[in-house]
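Heads up, the thing below is written out as structure tokens.
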Number of protein chains: 2
Amino acid sequence: MFGRSATGAVGEATLSEKSSRSEVVYKLLRQAILEQALKPGTKLSEDTIADHFKVSRTSVRGALVRLNAEGIVDLRANKGACVAEPTLEEARDIFALRRMLEAEVIRRLVANLDGAGVRRLQQHVKQEEAALSDHGPLSIRLAGEFHILLAELTGSQALTRFVREIVSRCSLILARFARLHSPECAVDEHVQIICALQSRDTATAERIMREHLDAVELRAELDTDKAEPDISAILQRYARKS
Amino acid sequence: MFGRSATGAVGEATLSEKSSRSEVVYKLLRQAILEQALKPGTKLSEDTIADHFKVSRTSVRGALVRLNAEGIVDLRANKGACVAEPTLEEARDIFALRRMLEAEVIRRLVANLDGAGVRRLQQHVKQEEAALSDHGPLSIRLAGEFHILLAELTGSQALTRFVREIVSRCSLILARFARLHSPECAVDEHVQIICALQSRDTATAERIMREHLDAVELRAELDTDKAEPDISAILQRYARKS
DNA sequence: ATCAACATGATTGTATACAATATTGACGAG
DNA sequence: CTCGTCAATATTGTATACAATCATGTTGAT
């Protein structure tokens, strides 16, 4: 269904599931936002999206409601939807919470991570390295999904849920404020984290993760050019046939 | 709009906001679930709900999608919605995470809570005490909202969001597993928490909160009678005129 | 020229109608 | 009597049509 989805590890179903139209629109919009193709502030007109995906507004609305509940789309009454624009204050708040959540992830993994988990992490990093060459949006998404994969490996659904949400919002923050457009995480830092986890040294693992997140946050710095792109051209790339 | 809403502190807007129909259905369903009037596993038929609230299925679907995104409603494809039924495993997972989140709330409040905040907390506890007499569903909801209010007073939107979600799910867990049907939190424990916060003693405050959450979790114990109630009678009580 | 009031157009919110899927019960073979 | 098949019913998923609200640009008075 998704063509070159390429993750296979972090995502939801293992394909073969026939998604509803609303579901498809949801996933594609989410992907477009997290790959920073749809930037914060971009107006998400129901008609436009419906036309480009060849579905009715009903399906689009369902997707927008879900995205709004996840906090990556703002939905003002009678005034339509747009990609959420986190403020600098919210950004600091979210990074602080992210550090706390991911510290918990690390503590749990140091205690519980097994060989199969390590292999999944290494495989994911390999994908990241492969995607790094084209400097495309794929590497941005994969970088975030590494952190989600870490959370998944704890086995805690609730923790995974929260990490997924907060990583999404961090992606928005970086799209809004980061000077560099490069992937948000350096791949070798991910490798270091895996090593630290294998050595089962909690203090070191926590420190590396903290430094890693500090590095990510440092890339966020105020920027003001916020032209409103027309989303038609962008959606075109996401309108793969059903 | 909500008649005897009675919270005024925790809720969203200060009334005067004209909510959409979908929004109204969302709020009422959520309230009904959190007050344990709609118990875990209850089927939520779109037609039934639409008829009782005198709105179209469209509005109901929007509400169900939101509730699903919050994790308090399960939404299986082509098979309808029902109130989420957390498993015992999920329950332990959620309680563990809740302890972590609320410990963070306490740490932040010890550092930052001001007089105005203390007054809001005391006022809320007063409402809890007043509601305790009728042993109704109101006290159950207020008990949860005390914890949400604590999170709000940290000033962190993200933390508040997560606490709100996890408290909701804890409410579901207690509805499913708790033997006693009494309000989930003892009010005097809330008073103790406020005192500990005022004394700015982090260790004590954290300990009391931990004990408090332990006490809540202890009420969860397997129970098996899960008859499917007809929701018509229940929704009747929530169909206040718009 | 500035600004207010209004009319027009565009977009969202809601309802209804139709299509697709699942559930239920009857029927008949073994 | 039990089980499987199939028709009938009910429920969800989607599209279209209509109502309500908001944005925009024109007109006219000051």
Side-chain angles (χ1 to χ4, degrees), chain A residues 1 12-13 16-29 38 41-69 72-84 228-232 235 239-242, chain B residues 1 12-13 16-29 38 41-69 72-84 228-232 235 239-242:
Chain A
M1 175 70 83
E12 304 73 31
S16 87
E17 278 283 345
K18 187 168 59 178
S19 298
S20 70
R21 289 162 201 245
S22 181
E23 183 93 0
V24 172
V25 174
Y26 162 78
K27 285 179 180 169
L28 291 176
L29 279 180
L38 293 173
T42 305
K43 181 78 190 298
L44 300 173
S45 154
E46 297 181 359
D47 271 326
T48 306
I49 297 169
D51 290 346
H52 277 271
F53 286 134
K54 301 284 178 50
V55 298
S56 71
R57 275 179 50 220
T58 309
S59 306
V60 175
R61 279 182 75 83
L64 291 177
V65 168
R66 277 182 69 177
L67 292 168
N68 175 63
I72 67 181
V73 158
D74 273 354
L75 208 55
R76 284 158 320 218
N78 289 317
K79 295 176 82 175
C82 53
V83 181
E228 182 150 316
D230 92 324
I231 71 176
S232 300
L235 289 181
R240 313 184 183 90
K241 65 192 60 58
S242 62
Chain B
M1 175 68 87
E12 303 73 32
S16 85
E17 278 281 347
K18 186 168 58 177
S19 297
S20 70
R21 288 160 203 248
S22 182
E23 183 93 0
V24 171
V25 174
Y26 163 77
K27 285 179 181 170
L28 291 177
L29 279 180
L38 294 173
T42 304
K43 181 78 190 300
L44 300 172
S45 154
E46 297 181 358
D47 270 327
T48 305
I49 298 169
D51 290 347
H52 277 270
F53 286 134
K54 301 284 176 52
V55 298
S56 72
R57 275 179 50 220
T58 309
S59 306
V60 175
R61 280 182 73 83
L64 291 177
V65 168
R66 276 182 70 178
L67 293 168
N68 175 64
I72 67 181
V73 158
D74 274 355
L75 210 53
R76 284 157 321 213
N78 290 314
K79 295 176 77 177
C82 52
V83 180
E228 181 150 312
D230 93 323
I231 71 177
S232 300
L235 289 179
R240 312 185 184 89
K241 61 192 65 52
S242 62

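When reading the values below, keep in mind they use all heavy atoms of this one structure, side chains included, and skip hydrogens, waters and symmetry mates. Lettering follows sequence order; numbering is per chain, from 1.
Here Lys79(B) reaches the OP1 or OP2 of dT23(C): one of its side-chain N or O atoms lies under 4.0 Å away. Considering only side-chain N and O atoms, Arg21(B) lies under 4.0 angstrom from the phosphate OP1 or OP2 of dA15(C). OP1 or OP2 of dA15(D) has at least one side-chain nitrogen or oxygen of Ser59(A) nearer than 4.0 Å.
Of the candidate nucleotides dT12(C), dA15(C), dT12(D), dA15(C) has the atom lying nearest to any side-chain atom of Val55(B). When the nucleotides dT11(D), dT14(D), dA22(C) are ranked by their closest atom to the side chain of Lys43(B), dT11(D) comes out on top.
Atom CG of Asp47(A) is separated from atom C1' of dT12(C) by 9 Å (rounded to the nearest Å). In this structure, Glu46(A) atom CD and dA15(D) atom P are separated by 14 Å, rounded to whole Å. To the nearest angstrom, P of dT21(C) lies 7 Å from CG of Asn78(B). Residue Leu64(B) contributes atom CG, which lies 13 Å from atom C1' of dT11(D) at whole-angstrom precision. Between the C1' atom of dG13(C) and the CG atom of Asn68(A) lies a distance of 15 Å, rounded to the nearest Å. One interatomic measurement links the two molecules: NZ of Lys54(A) to C1' of dT14(D), which rounds to 17 Å at whole-angstrom precision. Between Asp51(B) atom CG and dA15(C) atom P there is a gap of 12 Å when expressed in whole angstrom units. Between Arg61(A) atom CZ and dT14(D) atom P there is a gap of 15 Å when expressed in whole angstrom units.
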Side chains of residues 57-64 of chain A: which donor-acceptor pairs under 3.5 Å do they make with residues two or more places apart or in other chains?
unit_1	atom_1	unit_2	atom_2	d
Arg57(A)	NE	Glu46(A)	OE1	3.0
Arg57(A)	NH2	Glu46(A)	OE1	3.1
Arg61(A)	NH1	Glu46(A)	OE2	2.7

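Put simply, CG on Leu38(B) and CG on Leu44(B) are 6.5 Å apart, with the number rounded to the nearest 0.5 Å. With rounding to the nearest 0.5 angstrom, the CG atom of Leu75(B) is 10.5 Å from the CG atom of Asn78(B). Interatomic distance, CD of Glu23(A) versus CG of Leu28(A), reported as 10.5 Å (0.5 Å rounding). Lys54(A) contributes atom NZ, which lies 15.0 Å from atom CD1 of Ile49(A) (distance to the nearest 0.5 angstrom). Here the NZ-NZ distance, from Lys43(A) to Lys79(A), works out to 10.0 Å after rounding to the nearest 0.5 Å.
Leu29(A) is not listed as a side-chain neighbour of Val73(A), based on a closest heavy-atom distance of 4.5 Å or more.
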With 3.5 Å as the limit, what N/O pairs link the protein to nucleotides 16-18 of chain C?
unit_1	atom_1	unit_2	atom_2	d
dT16(C)	O4	Thr58(B)	OG1	3.4

